Amino acid sequence: DAGVIQSPRHEVTEMGQEVTLRCKPISGHDYLFWYRQTMMRGLELLIYFNNNVPIDDSGMPEDRFSAKMPNASFSTLKIQPSEPRDSAVYFCASSLPGQGGTEAFFGQGTRLTVV
Amino acid sequence: SQQGEEDPQALSIQEGENATMNCSYKTSINNLQWYRQNSGRGLVHLILIRSNEREKHSGRLRVTLDTSKKSSSLLITASRAADTASYFCATPYTGANSKLTFGKGITLSVRP
């Protein structure tokens with residue numbers, strides 16, 4: 001398996017524009033996580049899915065953020081409208097099911113810059 | 001919050017020395033995980049220690065877990081310049097759904 005695949009690797013957009021980040025988890029992994037990493041706040045969990053169903057979205061900062069997982073092999077994180085403070089590296093990770101958590105595999109991240 | 005907190009925030013050592021990093025957490029756990037992140041890359045899983053284990057080894061890595069103190073340590077022996085990275089501990093929430101959160105990480109610099 002090629003691992004968790006995220007696209008694009010880099011995104012530069014103007015304030016107010018819609019941004020869509022994409023993630024393909026490892027085949028067979030039931031859990032999918034979206035994280036945001038900044039110097040100030042560290043690695044924040046935004047939302048996670050189990051079997052394509054959102055389980056906890058309490059980390060999503062605002063209504064401008066939304067995430068979907070239409071099937072087991074694809075997820076999107078959308079920001080609409082984007083703002084400069086959304087600039088960060090966004091990571092997607094996936095893992096197998098297991099009581100109390102198992103090893104998570106991370107993608108290479110999408111570096112988002114909102115100008 | 002369940003997330004672990006790493007200590008120290010930054011660590012600088014000479015190649016060949018040992019590096020010890022600590023993690024504390026707040027509530028009961030099923031396991032604790034350590035990850036490494038090289039600059040500009042995603043996190044990579046290093047080792048998982050279960051709540052009924054006290055110590056675990058993997059190559060030059062040694063992890064201990066003290067559930068009575070709610071703390072864990074990661075020891076890297078005979079460090080190399082290639083060990084320069086950020087290190088994170090992660091404490092999945094207990095229960096059926098594995099919410100995985102991270103601390104702010106430790107920046108390790110190994111000087112050649």
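Both backbone and side-chain heavy atoms feed into the values below; hydrogens, waters and symmetry mates do not. Remember, predicted model here, so these are calculated numbers, not experimental data.
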Problem set entry | Under 4.5 Å from a heavy atom of chain B, the part of A:Glu44 involved |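 No part of it gets close to chain B.
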Heavy-atom pair of closest approach, residues [X] and [Y]:
{"X": "B:Gln33", "Y": "A:Thr102", "value": "NE2-O, 3.3 Å"}
{"X": "B:Gln37", "Y": "A:Phe91", "value": "NE2-CZ, 3.4 Å"}
{"X": "A:Leu45", "Y": "B:Leu100", "value": "CD2-O, 3.9 Å"}
{"X": "B:Phe88", "Y": "A:Gln37", "value": "CZ-NE2, 3.8 Å"}

For this session: Would you please go through residues 105-115 of chain A and name the residues with a non-hydrogen atom below 4.5 Å from one of chain B, in numerical order?
Result: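 Contacts with chain B: A:Phe106, A:Gly107, A:Gln108.
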Quick one: do [X] and [Y] end up in the same hydrophobic cluster if we chain Ile, Leu, Val, Met, Phe, Trp and Tyr together by side-chain heavy atoms under 4.5 Å apart?
{"X": "A:Met69", "Y": "A:Tyr35", "answer": "no"}
{"X": "A:Tyr90", "Y": "A:Phe33", "answer": "no"}
{"X": "B:Leu11", "Y": "B:Tyr87", "answer": "yes"}
{"X": "B:Trp34", "Y": "B:Ile13", "answer": "yes"}
{"X": "B:Val63", "Y": "B:Leu65", "answer": "yes"}

Kindly check if the number of other-residue, nucleotide or ligand heavy atoms within 6.0 Å of [atom1] ([X]) is above 12?
{"X": "B:Arg111", "atom1": "CZ", "result": "yes"}
{"X": "B:Arg80", "atom1": "CZ", "result": "no"}
{"X": "A:Asp63", "atom1": "CG", "result": "no"}
{"X": "B:Arg41", "atom1": "CZ", "result": "no"}

For this session: Enter the distance from B:Leu43:CG to A:Leu43:CG here, rounded to the nearest 0.5 Å.
Result: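 Here the rounded value is 6.0 Å.
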